[in-house]
Amino acid sequence: MKPRLSAAQARREWRLYLFVVPSLVMVATFAYFPAASAIYHSFFEWQGGDAKQFIGLANFQRLLNDAVLWDSFGTVALLILFNLFKMIPAILLAVLIHRLKSERWQYAYRAMLVVPMIVPHLVTLFIWKFFFDPNLGILNRVLDATGGKVLLVWLDQNVFHWQVFFERIPIGWLSQPELILPSLFLWGFPWIGAVGVLIYLAGLQSIGTEVYEAAELDGVGPIGKFFYIELPLILTQVRLNLTLLIISTLQGYGLQLLLLGDAGGPGGRGMTPGLWMYNRAFIAGEFGYACAVGMLLFTVILLLTWINHRLVRVEK
Amino acid sequence: MARVVLENLVKTFPAAGNSAAFTAVKGINLTVEEGEFMVLVGPSGCGKSTTLRMIAGLEEVSSGSIRIGDQVVNGVLPKDRDIAMVFQNYALYPHMSVYENLAFGLKLRRLPKSEIAARVQAAADLLGLADLLERKPKALSGGQRQRVAVGRAIVRRPKVFLFDEPLSNLDAKMRVQMRTEIARLHARLGATMIYVTHDQVEAMTMGDRICVMKEGQILQVAEPLELYQRPANLFVAGFIGSPPMNFLRGAVVRSDNRRDFVADGGVGALRLALPARLAEPARALEGRAAVLGVRPEQVQLVAEGAPGGHPCTVELAEPMGAETFLHLRSAAGVFIARVEAGVTHRQGSRVCAAFELERAHLFDAASEIRLT
Amino acid sequence: MSAPVSTRPGRAGRLAAVLPHVVIGAILLIEFFPLYMMLQVAFKDNAAFIDNPWLPAPLADWRWENWWFALNLIGPYVANTVFVAVTGTVCSVALAVLGAYFFARYRLPGSGVLWSLFMVLMLLPGIANLVPLFTLLKELSLLNTLWALIAVGVAGGQVFNLFVLRNFIEDLPKDLFEAAEMDGAGHLQQIRHIVVPMSRSILGTLAIMAFLGKWNEFLLPLVILRDRELFTLGVGLIYLDGEYVKQWGQIMAAYCFAALPLIILFLFTMRLFVKGLSQGAIKG
């Protein structure tokens, strides 16, 4: 346990407080103040300038009837589901690498996983956007070359009647409203985040060889090992990632903004609450209303965090 | 070099979380003379380490005072007290080489480079570290790390050396070797040293004087042999010496013109006539519970029927090589005898033991204080 | 009888040993694919790219001028971003070390309250802040400056860094600090001689994560930067993407330049980063 300093000692060591002041000032200015300001301004009609008018709860009343906003919550719920699914490959890959017997290979793969991180996110994003390009994009070329396109068209015409895929028209992944959500699902295939894999691997490393040997003697198969030994050990990390993922998806809008534009793409199919807030503030100039949208999001996230804490505590 | 004087020293840890406030040191007085090797010994939680850390300045004094030399150092920062400390886990800086570890304190005190080099070299020679100066602590054995930790204290040439259980992480053989090395070092430097340990063997072999502590209080301060031969109370008597002193519980009974010690155990219990040395002070104990303390070497095996002989069964024999410890059971309970190794005693065999009462001690069972 | 029985598991065993490598290799190939496309397309003009999108062009046809063009185009953005990311990372980690030392070493009156002040921010979603942040920066006359990005970046990463570093410093042996104290080290010296050298891999990992975060940032720059000379990569690349007729070769070469500082960073710190993350530097 670390020493608790008495008041007298603290007075003598008052300079220690200076150590924390810079962090505190930064956080107070650039995190606390804007948060407080957002709460305050959500009660105002405000274009971002000096002029503002107190309108009470009007912004919040408008929220209730904002069809775009409520649709966007539906979209984001779907995106969260996508992202939860996209967590699986990283876990499986970590387990796969962990089960390799050779330490050298393990290290080599870990290092190789990190290499693609040198590509800036934005570049990755634009390259993916380029993959989705109807005429030049890799995706359509692959589908053309492998006959996947023919299959999709056949399925469309004879089975599902989507009215989306046509023989002579290139597939507009990001321009056809129906395809926006599927495109967002495909985005980032095979959905491996290097940092996530490394963190899972760190968790897996705490399993001793004896545990595996004991499991082997007990006749536990490879799938059993995953569920009884490996998954429980990285559950903390998985849960943490899950929480962060839900929160970041819920408030995220960078991807949609760049891929689809500030209106959420054709038909607004890619509109998320965050993007709507951005749109209201910086496109429509309704800063007060944007703050109210932010407040709503904030409340939802706080609620989710609280539920998460409750659940975690119950399990402990 | 300097005297260290503790006056009414108290340390109270304030209540924290769900633990109540706790007084670790309860107003102790102790003077460590200039150049003395003082050992603070006691079971864990007796306040010895807290006392040492207060002298070092790592722990705030709740009340009372600490003087080093002529100066009261209560409010003085550790670095300004002119003391050095050897930690239990060595506390070597893992990222620095041995040389850097030794030189660190001097560098911070802005000594000239040549002076630092000279002092480090001298300490390294003294401790046999000269060939290891470039190594990192990780590449050293336990004993070598211990020497570096000691060396780090030496180079500073402090007024007082503090040792906080420095040998407890070493294996038994290394511990014995380092024990003599530190003792030799003290002889050579002649510096004031305060040494904390829970090991009474270390205390006995190293200390000029030993201060036995229990539950935040000092029970006795004395030279090793004095402590062994004239322990102030039951605790000290039991703590110092291995195997420990045998305690026989019983009462002092007057019979005719002498006093007997009658051990508990009912009919046929051990009854010992107290010699004059014990009989006189035992007067105060008459009719009260008493404890007779007899060191294992004061228990002799005698021929059956010999005067003072007391029949016992051998419960366990521990041959130590030069001698054997016999655990004997009698009507008065179990006690240990230190006997010559020559004769083998089988478990369960019957022997006769006699107590050499001239050197035994009588304690008041209630106050635990020695009467003789 | 025994021969086929013994060989069959052998072959299956060999297959079982190779299969994971095949799977991992395939995944890695896909992961590396954008990198590959970026590099090979950067040497082509649009015609060559449409002709042959998959394979690298023959060496004779390599369009080196793409690179020259891209460098002129994106060089200034890269320079701006390096400035923002390096300054921001150094400040962020330095402040976090100081703050974490304060929380990890002692329990001072009020430190519990201060700590919760920071930790509450972990729960606060950053989203609601963008709009007021924009107006705050306007008030502070920081709009259209790189300093705004640095300041906001430092503040944003502070809580996470403090959290990780505090846990780490608390796990360092207390003896070391006490020994340093006895050796005469003040608090700043203890930080310099004990904390920093002993937490090198964690500091490195945090620094890399901070640097990557700042390197990849585009929302805030997009909102607050107006002058082309001040553009960071985030805005620069977005504007590049907005061009109507795209010269893919030039764009890809520009992307390569955007990645170059990260390549250099990882060349020197890869070991540290992999080690830091694998040691569970970021605990649950």
Side-chain angles (χ1 to χ4, degrees), chain A residues 2-5 7 10 16 19-20 22-23 26-27 30-31 33-35 37-38 41 48 93 96-97 100 109-112 114 116 118-124 126-127 136 141 190 192 195 198-199 201-202 236-237 240 247 251 254 258 274 281-282 287 290-291 294-295 297-298 301-302 305, chain C residues 20 23-24 27-28 30-32 34-35 37-38 50 53 95 98-99 101-102 105-109 114 118 121 123-125 127-129 131-133 135-136 151-152 154-155 158 162 187 215-216 218-219 223 233-234 237-238 241 255 258-259 262-263 266 270 273-274 277-280 282 284:
Chain A
K2 62 195 142 160
R4 171 206 285 266
L5 296 193
L16 269 173
F19 284 29
V20 80
S23 296
M26 295 305 282
V27 164
F30 295 105
F33 177 78
S37 166
H41 281 113
L93 182 65
L96 208 56
I97 294 179
L100 293 178
Y109 284 136
R110 277 192 313 208
M112 279 198 265
V114 175
I118 60 170
V119 183
H121 285 187
L122 260 186
V123 169
T124 313
F126 286 128
I127 289 179
L136 296 171
R141 280 170 181 260
I192 303 279
V195 175
L198 290 185
I199 290 177
L201 272 172
T236 340
Q237 285 96 333
L240 182 78
I247 292 177
Q251 58 175 324
L258 295 185
F282 296 104
F287 279 64
C291 283
M295 287 305 303
L297 253 184
F298 168 80
I301 290 170
L302 217 54
T305 318
Chain C
V23 175
I24 298 170
I27 291 172
L28 281 173
I30 304 177
E31 289 288 308
F32 274 88
L35 200 60
M37 288 300 283
M38 198 168 97
I50 291 165
L95 291 192
L98 287 179
Y101 179 86
F102 170 86
R105 264 287 267 141
Y106 297 104
R107 282 195 305 172
L108 284 143
L114 285 172
F118 280 104
L121 283 177
L123 305 179
L124 281 185
I127 172 109
N129 291 356
V131 177
L133 193 59
T135 51
L136 170 71
V152 175
V154 169
Q158 212 49 266
L162 270 176
H187 295 303
W215 197 262
N216 291 325
F218 63 90
L219 275 175
V223 173
L233 271 177
L237 290 177
I238 290 170
D241 181 62
Y255 289 171
L262 295 188
I263 296 174
F266 273 102
M270 170 100 92
F273 187 64
V274 173
L277 277 181
S278 310
Q279 279 173 341
I282 317 300

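Below, read A as the first sequence line, B as the second, and so on, with proteins coming before strands; counting in each chain starts at 1. None of these values were measured; they are calculated from a predicted model.
Pairing each heavy atom of A:Val27 with each of C:Ala155, the nearest pair is CG2-O, 4.0 Å. Nearest heavy atoms, C:Pro34 versus A:Ile127: O-CD1, 3.8 Å. Annotation for C:Leu95 and A:Pro22: closest pair CD2-CB, 3.4 Å, computed over non-hydrogen atoms.
For A:Ser23, the parts lying under 4.5 angstrom from a heavy atom of chain C are both the backbone and the side chain. Residue C:Leu233 touches chain A through its backbone alone, counting heavy-atom pairs closer than 4.5 Å. Both the backbone and the side chain of A:Leu16 come within contact range of chain C, judged by heavy atoms closer than 4.5 Å. In this structure, chain A has a heavy atom under 4.5 Å from the side chain of C:Phe266, while its backbone stays farther away. Heavy atoms of A:Leu100 lying under 4.5 Å from chain C belong exclusively to its side chain. Heavy-atom distances place both the backbone and the side chain of C:Ile263 under 4.5 Å from chain A. For C:Gln158, the part lying under 4.5 angstrom from a heavy atom of chain A is the side chain only.
We find the OG-CG distance between A:Ser37 and C:Leu136 to be 7.5 Å, quoted to the nearest 0.5 Å. The structure places CG of A:Leu258 at 7.5 Å from CG of C:Asp241, a figure rounded to the nearest 0.5 Å. Rounded to the nearest 0.5 angstrom, C:Arg105 CZ and A:Phe19 CZ are separated by 10.5 Å. Atoms CD1 and CE, from C:Ile24 and A:Met112 in turn, are 9.0 Å apart once rounded to the nearest 0.5 Å. The CG atom of C:Leu237 lies 5.5 Å from the CG atom of A:Leu122; values are rounded to the nearest 0.5 Å. One distance of note links CG of C:Leu133 with CZ of A:Phe33; it measures 10.0 Å at 0.5 Å rounding.
Between chain C and the options A:Phe30, A:Phe287, A:Phe126, the largest number of non-hydrogen pairs under 4.5 Å is found for A:Phe126. Taking chain A as the reference chain and counting heavy-atom pairs below 4.5 Å, the highest number among C:Val154, C:Leu35, C:Ile238 is found for C:Ile238. Interface summary for chain A: among C:Phe218, C:Tyr101, C:Phe32, the most heavy-atom pairs under 4.5 angstrom belong to C:Phe218. For the set A:Val119, A:Ile192, A:Val195, the count of heavy-atom pairs under 4.5 angstrom toward chain C peaks at A:Ile192.
The shortest distance between side-chain heavy atoms of A:Val20 and C:Leu98 does not fall below 4.5 Å.
Looking only at distances, no side-chain donor or acceptor of C:Asn216 sits under 3.5 Å from a matching main-chain atom of A:Pro120.
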